[in-house]
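Residue numbers run from 1 in the order of the sequence given.
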Amino acid sequence: MKVYHGSFMEVQAPDVLHSRKNVDFGKGFYVTPIFEQAKKWALRFRREGKASVVSSYEFDERSYEEFKVLSFKEYSEEWLDFILDCRKGNDRFDYDVVIGGVANDRVFNTIELFSDGLIDKEETIKRLRYERPNLQICFRTQEAINRTLTFVGSETV
């Protein structure tokens, strides 16, 4: 499967060292099989006066099954708890790969309402079910990156 990563530069050799903390699935290298989504990630850097580059990779889906994988099929209570823990810096999980929906702006607004105590967990999940999930794959260990991703190329967007 082809996957994409949006950045301000071409990323031929992805690593977990340069990743941010306190994001959806914790520290790791994030890709998506949806080119337009990666393009949106890359375009964020234009606001900072940087380039917008989408790097492409071949993802060996068979190899990643050897790793400890957590996959969220839909927005759920488990997904919500996981991203809230990771975003709060309480990432105590040992998964090599995490797959699931993106907490985009609309989803994040719903999560903020929950975090602020304005809606309960049941209402939060109910609202999220109406959102069309995007898909992100977070490689949380270098070994998972090295054994499953092969750089294909990049393009400036």
Side-chain angles (χ1 to χ4, degrees), residues 1-48 50-87 91-111 124-125 127-157:
M1 166 190 347
K2 198 167 195 180
V3 294
Y4 308 94
H5 173 78
S7 183
F8 60 90
M9 61 184 269
E10 178 179 85
V11 181
Q12 290 185 21
D15 65 58
V16 295
L17 297 175
H18 292 93
S19 57
R20 297 180 300 148
K21 294 180 180 179
N22 304 340
V23 289
D24 288 357
F25 295 152
K27 192 171 181 172
F29 184 70
Y30 285 76
V31 297
T32 177
I34 306 166
F35 179 83
E36 286 302 314
Q37 182 176 319
K39 183 177 175 181
K40 285 180 186 177
W41 290 344
L43 290 172
R44 297 177 308 190
F45 294 100
R46 281 199 182 161
R47 290 179 282 205
E48 301 170 16
K50 297 179 181 177
S52 299
V53 180
V54 174
S55 297
S56 305
Y57 309 86
E58 191 59 43
F59 172 39
D60 183 354
E61 294 175 88
R62 292 171 305 216
S63 292
Y64 96 100
E65 292 173 356
E66 300 170 20
F67 294 98
K68 188 170 180 183
V69 177
L70 176 62
S71 182
F72 297 103
K73 303 295 183 205
E74 61 186 6
Y75 294 128
S76 64
E77 187 172 332
E78 293 79 18
W79 173 88
L80 178 62
D81 290 342
F82 190 88
I83 67 159
L84 287 174
D85 280 343
C86 289
R87 284 183 170 219
D91 183 359
R92 60 198 182 290
F93 309 102
D94 65 345
Y95 295 102
D96 298 298
V97 180
V98 180
I99 303 169
V102 176
N104 62 23
D105 291 342
R106 288 175 42 178
V107 170
F108 188 71
N109 289 341
T110 300
I111 292 169
T124 302
I125 300 304
R127 289 181 183 200
L128 290 174
R129 288 204 173 111
Y130 290 105
E131 295 294 332
R132 190 178 123 247
N134 286 314
L135 185 63
Q136 62 187 349
I137 303 166
C138 176
F139 294 90
R140 295 166 46 103
T141 62
Q142 194 62 45
E143 186 178 358
I145 291 171
N146 294 345
R147 291 187 41 208
T148 63
L149 289 182
T150 303
F151 178 74
V152 175
S154 68
E155 66 179 272
T156 301
V157 293

*Taking the six-membered ring for Trp and the single ring otherwise, decide whether the centroids of F25 and F139 are under 6.0 Å apart.*
no

*Taking the six-membered ring for Trp, are F29 and Y57 ring centroids under 6.0 Å apart?*
yes

Look at the side chain of [X] and the backbone N and O of [Y], then say whether any donor-acceptor pair between them is shorter than 3.5 Å.
X: W79; Y: G101; answer: yes
X: T32; Y: L135; answer: yes
X: R44; Y: W41; answer: yes

*Is there a side chain to side chain donor-acceptor pair (under 3.5 Å) between E78 and S76 once you walk through the steps?*
CA-CA 5 Å; E78 293 79 18; S76 64; 3.3 Å; yes

*Please lay out, stage by stage, how V53 and E155 fare under the test side-chain contact (heavy atoms from CB on, under 4.5 Å).*
CA-CA 6 Å; V53 180; E155 66 179 272; over 6 Å; no

Within this structure, what is the [atom1]-[atom2] distance for the pair [X] and [Y], rounded to the nearest 0.5 Å?
X: M9; Y: T156; atom1: CE; atom2: OG1; result: 12.0 Å
X: E143; Y: T148; atom1: CD; atom2: OG1; result: 10.0 Å
X: D94; Y: L70; atom1: CG; atom2: CG; result: 10.5 Å
X: T141; Y: K68; atom1: OG1; atom2: NZ; result: 11.5 Å
X: Q37; Y: Y4; atom1: CD; atom2: OH; result: 12.0 Å
X: I34; Y: K2; atom1: CD1; atom2: NZ; result: 15.0 Å

How close do [X] and [Y] get, heavy atom to heavy atom, and via which atoms?
X: S154; Y: E10; result: OG-OE2, 2.5 Å
X: V157; Y: A42; result: CG2-CB, 4.1 Å
X: F151; Y: V11; result: CD1-O, 3.4 Å

_Intermediate values then yes/no, side-chain contact (heavy atoms from CB on, under 4.5 Å), D60 and T150_ = CA-CA 8 Å; D60 183 354; T150 303; over 6 Å; no

_Using the rule side chain to side chain contact (heavy atoms under 4.5 Å, CB included), only one of S19, C138, C86 pairs with K27; which is it?_
S19

*Option passing side chain to side chain contact (heavy atoms under 4.5 Å, CB included) with Y30 (candidates I137, V3, V23)*: V23

*asked:* For D91, is there an ion pair with R140 - N to carboxylate O distance below 4.0 angstrom?
replied: yes

*Carefully, step by step, assess V69 and I99 under the rule side-chain contact (heavy atoms from CB on, under 4.5 Å).*
CA-CA 8 Å; V69 177; I99 303 169; 4.2 Å; yes

*asked:* If you count heavy atoms of other groups shown closer than 6.0 angstrom to NZ of K39, is the number above 12?
replied: no

*Between Q136 and D24, does any side-chain donor sit less than 3.5 Å from a side-chain acceptor?*
yes

*Row check, F45 ring normal vs K50 NZ/CZ: under 6.0 Å, within 45°*: no

_For a 4.5 angstrom cut-off between non-hydrogen side-chain atoms, does D15 reach Q142?_
yes

*Heavy-atom distance under 4.5 Å between the side chains of L80 and I125, does that happen here?*
yes

